[in-house]
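Worksheet for the structure shown next.
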Amino acid sequence: QVQLVESGGGLVPAGGSLRLSCAASGRTFTNYQMGWFRQAPGKEREFVAAIVWSSGRTYFAHSVEGRFTISRENGKNTVWLQMNSLKPEDTAVYYCAAAKGASGYDYWGQGTHVTVSS
């Protein structure tokens, strides 16, 4: 059974940095794309970043381009989201998700809270 567990959320001042992790288990992820999404209070869920597991190719939302990076560690089946130069508008619950091929994101973690103070 696929399990995705996020961690690393917390409270950080504006301009600070935070690193989120997604521990993936239950299968190999060679053929998967891993993504990060977020949902701010009163807002809809939005795409943040993604990485193709096999190649390392990455994608970013315009709102985080240049500030966030996404990476994976094969030996630990872990996906990281490094968040720098954080802004109050980055405050949200962040979710890790996994997609195989073009099937969409079928697996989701429970989310981790990120609060950026002004």
So, S21 and S7: side-chain donor and acceptor under 3.5 Å apart, yes or no?
yes
Among residues two or more places apart or on two chains, list those pairs meeting disulfide (SG to SG under 2.5 Å) that have a residue in residues 32-98.
C22-C96
What is the distance from atom CG of L4 to atom OH of Y105, rounded to the nearest 0.5 Å?
11.5 Å
Using a 4.5 Å cut-off on heavy atoms from C-beta on, say whether the side chain of S54 contacts that of R72.
no
Report the residues that fulfil salt bridge (charged side-chain N to carboxylate O under 4.0 Å, His left out) with R67, sequence neighbours left out, ordered by chain and then residue number.
D90
Measure the spacing between CD of Q82 and OG1 of T69 and express it to the nearest 0.5 Å.
5.5 Å
Rounded distance [0.5 Å steps], CZ in R57 versus CD1 in I70:
13.5 Å
Quick one: are the ring centres of Y59 and F47 less than 6.0 Å apart?
no
If I take atom CD from residue E46 and atom CH2 from residue W36, how far apart are they, to the nearest 0.5 angstrom?
14.5 Å
Within this structure, what is the OH-NE2 distance for the pair Y94 and H113, rounded to the nearest 0.5 Å?
12.5 Å
Exam field: side chain E73 to backbone N77, donor-acceptor pair closer than 3.5 Å:
no
Quick one: pull up CH2 in W53 and CE in M34 and give me the separation to the nearest 0.5 Å.
6.0 Å
Determine, step by step, whether V114 and T91 satisfy the side-chain contact (heavy atoms from CB on, under 4.5 Å) criterion, reporting the C-alpha distance in whole Å, the side-chain angles of both residues, the deciding distance to 0.1 Å, and the verdict.
CA-CA 5 Å; V114 172; T91 296; 5.9 Å; no
Are F37 and W108 an aromatic pair, judged by ring center distance below 6.0 Å?
yes
cation_pi(R19, W80) dist<6.0 Å, angle<=45:
yes
